[in-house]
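One structure is given here, and the rest of the page talks about it.
So that the names make sense, note that chain A is the first sequence line, chain B the second, and so on, each numbered from 1.
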Amino acid sequence: MVKNIQINPKELDQRLSRRSFLQGALLTGAAVAGLAVTGCVPQETKPGSDQAGEVKTKPLPLIFKSEEYADGEIVDADLLIIGSGYAGLWALMTAHEKGVANIAVMDKGAIGHSSVASLTLGTSAYVLPEEGDDLDATLEEVVRDADYLSRQDIWYDMFSKSKERLDKINSMGLAYMAPGRLTSDGNVELKISGGTAYTDSTGTDRVCGKAAVCCYMDQVKDYEDVKYFSKTMATELLKEGDRVVGAVGVNRTNGNAVAIRAKATIVATGQCTFKGQHAITEIETGDGYQLVYDAGGRLNNLEFNSFDVDPVGYMLEGGSILCEMGSILENVNGEDFMWSIDPERGCGCNVAYSTRGMAMEVAAGRGPIFCNRKTEVFGEVGQNEHWLPFLSPGSWQRTNEDRFADIGFDLVETPQKFTANSFGIIGAIVTDVNCKTDLPGLFAASVAVSTDPGKIKGVESQRGLWTGIQSGTSSAEYLGSAADVTLADSEIAGILANANVILGRKGTLSANELITKLQRQVFDYRVGLLKTEESLTAALAVCRECQVLLNQVSIDDSHELIKFYEARNMVNIAELHLLASIDRKETRVCHLRMDYPERKDGEWLKWIEWTKGADGKPNKSYRNVPFDEFPVQPDATKGLNAVVRTITA
Amino acid sequence: MINNIDRDKCLQCGTCTEICTKDVLRWQSPENKTPIIKYPEDCQTCYNCEIMCPGTAIWVHPAQHKVVNCW
């Protein structure tokens, strides 16, 4: 039996308290709750400093100065980009190159630095084709492993422009620490790039995702006619008839509301994540989904949710890749159980399989699950060329592992308790292949564009680049003939006033308490992973309780105002996720119905789409996959479902 | 989650308050740019502040404070 030596925050604190350089407050448990009220001044101690007291400094990082605005201010722009991760920055680059001036960029965090991808391995610049690769065969693999609900038009375009993106990245000076590699991802073999490296304009060496985002920021830093609105969360899109003409946002530092009245708008925000224990996914609260849904746009594939293999109590970048490279998932009896689920790949299987396998072991009473990456199993860390980029000094993962080393924990030789985390909605906003939505003037980019119901590792950042280019190009073309916006200041004033009118409201619970209530229900593995009509219906009831509780959330300050909006978005998208999960009475790709374990191609080769009804309630419709327009045809004998049958038998 | 800011090493440059994605850090006051950990419960252990701090004044604890429904 594997001894449970899982990291315990309390034990960590005890170890920390024995270190001379870390005396004073340790912010966990009750201490956190107390400090949340009063704040915590910096300690008088010197964490990590050398004993001689020498202070070493680094260059100031590149930070884009935000516009300052008074409450109720209205700013005019030609193009508004909401979100400034890879997709937002590439949309900015593309639109600027095509002659668009007077651009506004809004982000609820710091421009560029809030990018989720900046905490990952880097930018997967291309998938296929390289010379000699077969694009059609790759498309077939990807579509097959998504159980045939892929947007084949989007994938084909993304693949066929791989070289174009790679050339552009090379021209920027963004280098790859490892050559393109083959990574097994279920049945899909994708060529993706290793970690990135870049020396930014401050002379600082950056690696992995930080290298990419600093590189992209350097590309745009000298643009004129671009206004940045940092720490400003978009809360509502502005409409002029059906046309979208900008957005209203609220500043999380001072609560001021601002309207950007724009001829064209790109929503380039993140996913909706309910279980953020992987990198910085806690900031992905479905903001773009809610904006587009409220404005009348379409969402689909919301029943499909992703998980990753992650440790309990701390975070890890690349958990599923660890398993792919040889780490072993063991049940409480020390059994390498994944071979019984995927006889060909064991733990190296598609993460959709492994997380389900873990949940089923737990359901069968053989939990908890541990990840064994001892040297004797995984090989010498640092000798594994594919893992090495993760551990580059300055990367998120290396920083994380160094901190554990600081406090005396050996993550390598000690099997760690693992679970399925990073629960996010895979589906998103429906667009055409040019990233145009149904609404005139509105475009989408990033993972907020619905492309696929599956989870294919290493593709998200590529999707960010591709959607950035597509939306930047489309919006530039649209602006070439777009009429001026006539929405009057007086019509915007009411929306601006509503955006922060609830600031100072006294309620009965905090936004964090509401989010936790939602997470406990929606993330339950019997709801998220092993779905049944009963478990989903019960979770939906709790979700609707949460919708009512939104009116009782205390909003003491501007920080809590943003948290309220995040909670609102999560609750509403959760409702759509649960409704869609109940509706799809089959098992397909990342949607496992224990009570409907078969894939039903005759009935369900269609997307479930959601719009907001005139009564404010979700409006459901179906759209058949247009196989007459797509090259890859469904095959009932192939796809992810084959393994699902095995584990539910 | 963010654990400590070394006052002696802090350059009061505002990088950490600006760069924190979750708005955990704020200035002491508009006049005093000493950072305070105002909303520690919202820290997501992204290390942005630690990696980017020019004064290497920040140390982030690797364990997370919030564990929900882990099995």
Would B/Glu50 and A/Arg403 pass as an ion pair if we require N to O under 4.0 Å? yes
Using side-chain contact (heavy atoms from CB on, under 4.5 Å), reason through B/Arg26 and A/His559 one step at a time and then give a plain yes or no. CA-CA 10 Å; B/Arg26 291 286 183 92; A/His559 178 87; 3.8 Å; yes
Minimum heavy-atom separation for B/Pro62 to A/Ile407, with atom names? CG-CD1, 3.8 Å
Most contacts with chain B, counted as non-hydrogen pairs under 4.5 angstrom, among A/Pro59, A/Pro61, A/Gly109: A/Pro61
State, yes or no, whether a side-chain contact exists between A/Thr57 and B/Thr56 at a heavy-atom distance under 4.5 Å. no
Do you know which of A/Asn400, A/Thr204, A/Val362 has the most heavy-atom pairs with chain B at a distance under 4.5 angstrom? A/Asn400
Quick one: pull up NZ in A/Lys231 and SG in B/Cys20 and give me the separation to the nearest 0.5 Å. 6.0 Å
What part of A/Ser230 is in contact with chain B, defined as an atom under 4.5 angstrom from a non-hydrogen atom: side chain, backbone, both or neither? side chain
Interatomic distance, OH@A/Tyr314 vs OG1@B/Thr45, rounded to 0.5 Å, equals 13.0 Å
A/Ile515 side, atom CD1; B/Asp42 side, atom CG - distance, nearest 0.5 Å: 8.0 Å
Closest contact, heavy atoms only, A/Arg252 versus B/Lys22: NH2-O, 4.0 Å
Flag for B/Tyr47-A/Asp402: side-chain donor and acceptor within less than 3.5 Å: no
Report which part of A/Asn254 has an atom under 4.5 Å of a heavy atom belonging to chain B: side chain, backbone, both, or neither. neither
I need the residue from A/Asp557, A/Ile562, A/Asp107 with the largest number of non-hydrogen atom pairs under 4.5 Å to chain B. A/Asp557
So do the side chains of A/Lys58 and B/Met52 get within less than 4.5 Å of each other, counting heavy atoms only? no
Closest non-hydrogen contact found for B/Ile19 with A/Ala110 is CA-CB, 4.0 Å
Look at the side chain of B/Asn48 and the backbone N and O of A/Ser114, then say whether any donor-acceptor pair between them is shorter than 3.5 Å. no
Taking side chain as everything from C-beta outward and backbone as N, CA, C, O, which of these in A/Ile63 sits under 4.5 Å from a heavy atom of chain B? Side chain, backbone, both or neither. side chain
Is the number of heavy atoms from other residues, nucleotides or ligands under 6.0 Å of A/Glu513 CD greater than 12? yes
Using 0.5 Å steps for rounding, measure from the CZ atom of A/Phe64 to the CD atom of B/Glu18. 11.5 Å
Is a salt bridge present between A/Lys563 and B/Asp23, judged by a nitrogen-to-oxygen distance below 4.0 Å? no
